[in-house]
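One structure is given below, encoded as structure tokens.
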Amino acid sequence: MSSRLDHIAQKRREKLDRIRKRGIDPYPHRYHRSHTTEQAIALLEQCEAGGKETPLVSVGGRITASRLMGKISFLDLRDGSGKIQLLFSQGRLDKQQGELFDDLDIGDIIGVSGRPFRTKSREPTIEVEGLTLLAKSLQPLPEKWHGLSDVDKRYRQRYLDLIANAEVRKIFRVRSQAITAIRSFLNKRGFLEVETPVLQPAAGGALARPFVTHHHALDQDFYLRIATELHLKRLIVGGFDKVYELGRIFRNEGVSTKHNPEFTTLESYEAYADYNDVMKMVEKMVGSVARLVAGGYGVEFGNTTIDFKPPWPRLSLRQAVKKYSGIDFEQYPDTDSLRAEMVRLKMEVDPKKRRGRLIDELISTFVEPKLIQPTFLLDYPLEMSPLAKAKPDDGRLVERFEAFAGGMEIANAFTELNDPIEQRQRFLQQQKERRAGDEEVETADEDFLAALEYGMPPTGGLGVGIDRLVMLFTGGQSIREVILFPQLREKP
RNA sequence: GGGCCGCUAGCUCAACUGGCAGAGCAGCUGACUCUUAAUCAGCAGGUUACAGGUUCGACUCCUGUGCGGCUCACCA
């Protein structure tokens with residue numbers, strides 16, 4: 001990027017000056033269109049069906065292509081709804097508009113009025129009678145045929161990506177529809193949408209390194225939330241029986257095709273429910289999202305079809321790990337024996353990891369990649385789940401499930417631990433482990449513990465990674481493809 | 001953070017073993033009254049990411065830096 005303008009931008013500035021000199025405002029305040037391009041085409045079809053003449057319409061949008069043929073010219077005009085062809089005929093426009101037409105470029109935003117009709121090749125077209133410049137574009141757009149493919153540029157200048165690449169526009173429409181579908185599903189079931197703090201004195205509810213920031217007036221450090229869990233459960237204590245939050249959380253960790261430092265989660269909590277109820281809700285909810293954005297339970301992913309039709313298979317975690325890795329972790333009740341077995345299988349094992357984290361590694365290495373069709377894994381070891389309630393018949397396991405699809409974890413849920421004394425002990429146990437070397441453990445949240453002491457009803461909680469869910473629905477191989485402005489290193 | 005790969009015109013891409021940096025689109029000039037990746041003729045457009053080095057000569061080889069991609073580590 002040199003400071004000097006390239007010759008294309010130079011030319012466009014000259015055109016801008018010419019337009020201004022003729023007394024035309026190249027950036028007027030408003031333009032009231034009568035139709036979107038989509039509506040204009042629908043109107044044309046209606047009139048054709050009814051054998052009626054088409055009325056005058058006005059549309060606005062960006063010029064995306066031009067085919068100048070001497071006395072007549074065809075331009076493509078795109079707005080948020082779609083695209084329509086424009087026909088400019090010499091003689092149709094007055095002198096001033098004719099001069100303006102000559103100074104138009106691909107990329108300019110214009111408004112036109114005229115009657116829709118069909119050309120010889122049946123293309124819906126507006127024969128332009130009135131032309132208004134709405135915004136002069138000073139920079140050339142990416143190439144019309146190949147679009148924009150430089151990944152760096154696509155993410156940094158997402159607007160160009162959206163202008164140039166229809167598939168990208170599609171992805172973010174699907175994302176929006178999926179989130180709308182989730183809201184609507186939960187609202188219909190009586191859930192209350194709430195907002196909880198992003199800035200917290202301690203970041204709890206998950207195991208992750210937080211971002212730190214500083215509040216000047218309070219002269220106090222704050223952490224950006226790594227989960228919404230602990231505040232939502234306070235609201236269950238407060239008497240809202242069904243709450244959810246769709247919100248951004250922040251984790252100061254590695255960036256990869258599956259991790260962005262800020263990402264979106266859904267967390268929901270339902271009083272008087274347990275993880276079995278939540279399981280039923282998840283498969284129903286994701287199924288309903290699939291039907292809405294994909295038109296059915298089947299969603300194309302890679303070279304297979306994922307079928308989200310409920311019910312999804314349920315498999316105990318122990319069975320799953322045994323099936324895919326050959327290790328029955330129940331036979332290795334402590335960290336050392338399990339680690340020894342993993343080493344025997346030639347796995348590289350971080351010596352700092354304790355049993356829970358080792359089992360987690362078995363899941364992500366052997367199990368997760370195999371779970372393409374939606375599957376629930378249930379009943380996790382207690383040491384991996386400090387906020388979940390133990391199973392009544394086996395104190396080493398908790399009532400927890402994770403849902404997988406497309407080889408990714410898409411949901412995590414459990415019957416919430418609501419015994420304040422046990423919760424405190426679990427936090428203390430975690431802190432012991434922190435001292436033993438495992439850095440990322442739950443920090444005790446005294447205010448949360450105080451809330452539990454007032455009594456929280458039995459509750460089923462859920463967390464869903466929205467970005468990964470959207471990846472499933474759009475076939476995305478990278479989380480950056482479903483986040484409009486993914487985090488990138490700043491360019492010097 | 002490690003490994004591998006990439007960075008050439010506004011965009012998409014070429015350029016052999018080190019030998020004058022090139023094409024399409026976009027742009028400019030001209031022709032053209034139904035095109036739609038319009039067509040045809042002509043013109044212009046470059047710090048080959050950046051900084052060094054080797055060489056008679058570097059887009060090409062070497063070293064370093066920046067940014068990106070993939071991957072491993074990390075990451076419920």
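Chain letters run A, B, ... following the sequence lines, proteins first, then strands; residues in each count from 1. Any value given below was found using the heavy atoms of this structure, including those in side chains, with hydrogens, waters and symmetry copies removed.
The nucleotide B/G1 finds its pairing partner in B/C72, both defining distances of the Watson-Crick or G-U wobble pair being shorter than 3.5 Å. Shown here, B/A21 forms no base pair; nothing in the strands shown gives a Watson-Crick or G-U wobble contact with both key distances under 3.5 Å. B/C28: Watson-Crick or G-U partner is B/G42, with both key distances under 3.5 Å. Summarising the base pairing, B/G64 is matched to B/C50 through a Watson-Crick or G-U wobble pair whose two defining distances lie under 3.5 Å. With a cut-off of 3.5 Å on both Watson-Crick or G-U wobble distances, the partner of B/U35 is given as none. Checking B/A14 for Watson-Crick or G-U wobble geometry (two distances, each under 3.5 Å) identifies no partner in any strand. The partner of B/C59 cannot be assigned: no Watson-Crick or G-U wobble pair with both contacts below 3.5 Å exists in any strand.
A gap of 24 Å separates the P atoms of B/U35 and B/G30, to the nearest Å. Nucleotides B/C16 and B/A38 place their C1' atoms 36 Å apart, quoted to the nearest Å. B/U55 and B/A49: their P atoms are spaced 23 Å apart (whole Å). When the P atom is compared between B/G24 and B/G42, the two are found 11 Å apart, to the nearest whole Å. Comparing B/G52 with B/C5, their P atoms are spaced 25 Å from each other, to the whole Å. Rounded to the nearest Å, the gap between the P atom of B/U71 and that of B/G18 is 32 Å. A distance of about 7 Å separates the C1' atoms of B/G10 and B/A26, rounded to the whole Å. Comparing B/G22 with B/U48, their C1' atoms are spaced 12 Å from each other, to the whole Å.
Counted by atom type alone, A/T196 and A/E245 present one or more donor-acceptor pairs between their side chains at under 3.5 Å. There is a side-chain donor-acceptor pair under 3.5 Å between A/T415 and A/E399. Side chains of A/Q85 and A/R67: a donor on one and an acceptor on the other come within 3.5 Å. For the residue pair A/D150/A/Y155, the side-chain donor-acceptor check at 3.5 Å is not satisfied. Checking A/H7 against A/Q10 by side-chain atom types alone, no donor-acceptor pair falls below 3.5 Å. Judged purely by distance below 3.5 Å, without hydrogens or angles, the side chains of A/D379 and A/S316 never pair a donor atom with an acceptor atom.
Between the base of B/U35 and the side chain of A/Q85 there is a donor-acceptor pair shorter than 3.5 Å. Judged by distance alone with a 3.5 Å cut-off, no donor-acceptor contact links the side chain of A/S149 to the base of B/U12.
Comparing B/G68, B/C70, B/U33 by their nearest atom to the side chain of A/S478 picks out B/C70. When distances run from any side-chain atom of A/V151 to the nucleotides B/G27, B/A38, B/G68, the shortest one goes to B/G68. Looking at the side chain of A/P142, the nearest of the listed nucleotides B/C34, B/C11, B/G68 is B/C11. The side chain of A/D105 has B/C28 as its nearest neighbour among B/C34, B/C25, B/C28. Side-chain proximity of A/D152 to B/G68, B/U35, B/C34: nearest is B/G68. Among the nucleotides B/G69, B/G45, B/C70, the one closest to the side chain of A/H7 is B/G45. Of all nucleotides listed (B/C11, B/C34, B/C28), B/C28 comes nearest to the side chain of A/K11.
Across the protein-nucleic acid pair, A/E490 atom CD and B/G66 atom P stand 14 Å apart, rounded to whole Å. Atom pair A/Q157:CD and B/G10:C1' shows a separation of 11 Å (rounding to whole Å applied). Following rounding to the nearest Å, A/R489 (CZ) and B/C67 (P) show an atom-to-atom distance of 5 Å. Separating the CD atom of A/E481 from the P atom of B/G69 is a distance of 10 Å, rounded to the nearest angstrom. For the pair A/W145 CH2 and B/C13 C1', the computed distance is 16 Å after rounding to whole Å. The CD1-C1' distance, from A/I8 to B/C25, rounds to 10 Å in whole Å. When rounded to the nearest whole Å, the span between CD1 of A/I63 and P of B/C25 equals 20 Å. Remark: P of B/A37 and CG of A/L75 are 15 Å apart, rounded to the nearest angstrom.
Among the atoms of the strands shown, only primed sugar atoms or phosphate atoms (P, OP1, OP2) are found under 4.0 Å from some heavy atom of A/G147. Among the heavy atoms of the strands lying under 4.0 Å from A/K15 are primed sugar atoms or P, OP1, OP2 only; no base atom is included. Here A/Y155 lies in heavy-atom contact (under 4.0 Å) with sugar-phosphate atoms only. Heavy atoms of A/L68 sit under 4.0 angstrom from at least one base atom. If you check every strand for non-hydrogen atoms under 4.0 Å, A/R480 touches sugar and phosphate atoms only. Using a 4.0 Å heavy-atom criterion, one finds that A/S73 contacts no nucleic acid atom at all. Contacts of A/Q90 with the nucleic acid, taken as non-hydrogen atoms under 4.0 Å apart, are absent. Here A/R156 lies in heavy-atom contact (under 4.0 Å) with sugar-phosphate atoms only. As judged by a 4.0 angstrom heavy-atom cut-off over every strand, A/D76 is placed among residues making no nucleic acid contact. Backbone-only contact: A/D360 has heavy atoms under 4.0 Å from sugar-phosphate atoms and none from a base.
Between A/F250 and A/F211, the ring planes are perpendicular. Angles over 60° get that label, and only those under 30° would be called parallel.
Checked against the 6.0 Å centroid criterion, the rings of A/F401 and A/F376 qualify as a close aromatic pair.
For the side chain to side chain donor-acceptor pair (under 3.5 Å) criterion with A/D103, the lone passing option out of A/K136, A/R22, A/R12 is A/R22.
The side chain of A/K144 contributes no N or O atom lying less than 4.0 Å from OP1 or OP2 of B/G27. Side-chain nitrogen and oxygen atoms of A/K120 include none within less than 4.0 Å of the OP1 or OP2 phosphate oxygen of B/U35. Between B/G10 and A/R12, no contact under 4.0 Å exists linking OP1 or OP2 to a side-chain N or O. A close approach under 4.0 Å does not occur between any side-chain nitrogen or oxygen of A/R67 and OP1 or OP2 of B/U35.
For the pair A/R118 and A/E143, both in contact range of RNA chain B, the more 5′-proximal nearest nucleotide belongs to A/E143. Along RNA chain B, the nucleotide nearest A/L148 and the nucleotide nearest A/K71 are compared for position; the residue whose nucleotide lies closer to the 5' end is A/L148.
Cation-pi geometry between A/R400 and A/Y380 is satisfied (NZ or CZ under 6.0 Å from the ring centre, within 45° of the ring normal).
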